[in-house]
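Let me begin by presenting the structure, written as C-alpha cells, before commenting on it.
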Amino acid sequence: MSVNLPTFVSCLRSAAQGPAEELAAGLMQPAAAIAPKFFYDSLGSALFAAITQLDEYYPTRTEAAIFAAEQAAIAQALHARLPPGFTLVDLGAGDGAKAAGLFDALKPGRYVAVDISEPYLRGALTALQQRFPALPMTGVGLDFAASLQLPAEALDGPALVFYPGSSIGNFSPDDALRLLVQARAASQGGALLIGADLMKPQPVLQAAYDDALGVTAAFNLNLLRNVNHLLRSDFDVADWSHVARVNSTLGRVEMHLQARRALAVRWPGGERRFEAGEGIHTENSHKWKAASFEGLLRDAGWRDVRRYTDARGWFGVYLAFA
Ligand code: AVJ
C-alpha cells in the first residue's frame, strides 16, 4: 500500500491565550521572562541548526552518536515489548530528520509528528512522506509544553513517544514530571525514547551556550525580533546583550538578555521599563545526573528504564515502558 499525503490536525487555536498575551504577561512580571518556544521563528530555527554544528555545542552530535551506536539494541528492546505497527509520536518533530533516521531500525507502523510550528510541519511532513510513501503520517500542530493532549486522530494503540534533543531540559523538574506523566498517558501502554543532557564540568557548559562565533548570542537576540513581530513591540536588538550563566545550585544553564542601558519597550496596550543591566530570562537548560533523570522517569510512572550513553557520560538516551 502506498500513502502519498500526510494528514494534519491543528490543536493550536484552542490555546487559552494567544502569543501576544503570553508575551506581554511575561514581560510585565517583576523578573521579565519569555518562553524559549519563541526562539523558533524561521531565522531562529536556522540559527539553532547552526548552533548544532558548532564545536562547542556537544549535545546534538553526542545524541546522534548514541542513536547510531545503540539503535539495534534500542530496536530489539522495543520490539520485545511493543506490537508490530506501533505508532511513533515525535514531540517537537521539526523536519522529522531524527525520527526518519530511526524508521528503518524501529519499523513504526505510523508516524505522528507534533510541532508548535504548523506551517513548517506541513512542508516538512509532505517532503518526508515522499521519501517514505508506505508509512502513514499525521501532523499535529500543538503546543505540548502547555499540555500534551493528543487529538483522537493521532491515537490508535500503543505508541513510542520520541522526545530527542534534550528539550526536556527547558522544563523545571516539576514541569518535566508533569510532561512525562502526560507522555505516558499519550503512549497508551507503549514506550518512551527520550534524550536528556547530563551534568558536566562548568567550562564545557559555559562554552556550549556562549560560543566563540557568537551564534548562540545571535540565537538569543533573535528572540527580540520575533517578539517585535508577534507583539508589535519596539525592542532594539542593539540595546541588549546575550548572557549565558551556569547555575550550579539549580543544575542548569540559564540564558538571559541584558539591557545595555536604561530603556523602555512599548507595544499596543503596554510598556515595560528596564534598568541598565536588568535582564529578561529566556531559557533554562537543565543538566541531569544520570540517576536523577532515571528517578524522574520512575516518578512519572515509567518502568524498565534503560539508559544508553556516550563514553564521557555527557548525554543520556533513555528507553522506558509504560
Ligand atoms: C533545543 C532546548 C535542547 O537547551 O541546549 C541551544 C536550545 N539554547 N543553545 C538547549 C539551545 C541555546 C537547546 N534545546
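Numbering of residues begins at 1 and proceeds along the displayed sequence. Any value given below was found using the heavy atoms of this structure, including those in side chains, with hydrogens, waters and symmetry copies removed. Both ligands and their constituent atoms are indexed starting at 1 by order of listing.
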Checklist entry - Does the pair Y163 and Y318 meet the rule for a ring-ring contact (aromatic ring centres under 6.0 Å, His included), with working shown? => result CA-CA 10 Å; Y163 194 29; Y318 294 81; over 10 Å; no

Under 3.5 Å, which donor-acceptor pairs do the side chains of residues 92-105 form with other protein atoms, sequence neighbours left out?
{"residue": "D95", "atom": "OD1", "partner": "A97", "partner atom": "N", "Å": "2.9"}
{"residue": "K98", "atom": "NZ", "partner": "E63", "partner atom": "OE1", "Å": "3.2"}

Next on the checklist: Suppose I only count heavy atoms of S166 and a 4.0 Å limit; which atoms of ligand 1 are within that range?
Outcome noted: 3 (C)

Checklist entry - Which of the atoms in ligand 1, numbered in the order shown and given with their element, are less than 4.0 Å from a heavy-atom of Y57? => result 3 (C), 5 (O), 6 (C), 9 (N), 10 (C), 13 (C)

Next on the checklist: Ring centres under 6.0 Å, that's the criterion: do W302 and F321 meet it?
Outcome noted: no

Side chain or backbone, does [X] bring an N or O within less than 3.5 Å of an N or O on ligand 1?
X    : value
T216 : no
K287 : no
E283 : yes

Next on the checklist: Tell me if the CD atom of Q130 is crowded by more than 12 foreign heavy atoms within 6.0 Å.
Outcome noted: yes

Next on the checklist: Tell me if the CG atom of D55 is crowded by more than 12 foreign heavy atoms within 6.0 Å.
Outcome noted: no

Item to check | Test ring-ring contact (aromatic ring centres under 6.0 Å, His included) applied to W267 and F235, step by step | outcome: CA-CA 9 Å; W267 59 89; F235 278 102; 7.8 Å; no

Write out the residue and atom name of the closest protein heavy atom to [atom], then the distance separating them to 0.1 Å.
atom                   : result
atom 1 (C) of ligand 1 : Y40 OH, 3.5 Å
atom 4 (O) of ligand 1 : S285 OG, 2.6 Å
atom 3 (C) of ligand 1 : G165 O, 3.1 Å
atom 2 (C) of ligand 1 : N170 OD1, 3.3 Å

Checklist entry - Nearest 0.5 Å, what's the SG-CD distance between C11 and E118? => result 8.5 Å

Next on the checklist: Heavy atoms only, cut-off 4.0 Å: how does F39 contact ligand 1, side chain, backbone, both, or neither?
Outcome noted: neither

Next on the checklist: Check for me whether G169 has a heavy atom closer than 4.0 Å to any atom of ligand 1.
Outcome noted: no

Item to check | All pairs passing salt bridge (charged side-chain N to carboxylate O under 4.0 Å, His left out) where residues 186-196 contributes a residue, at least two apart | outcome: none

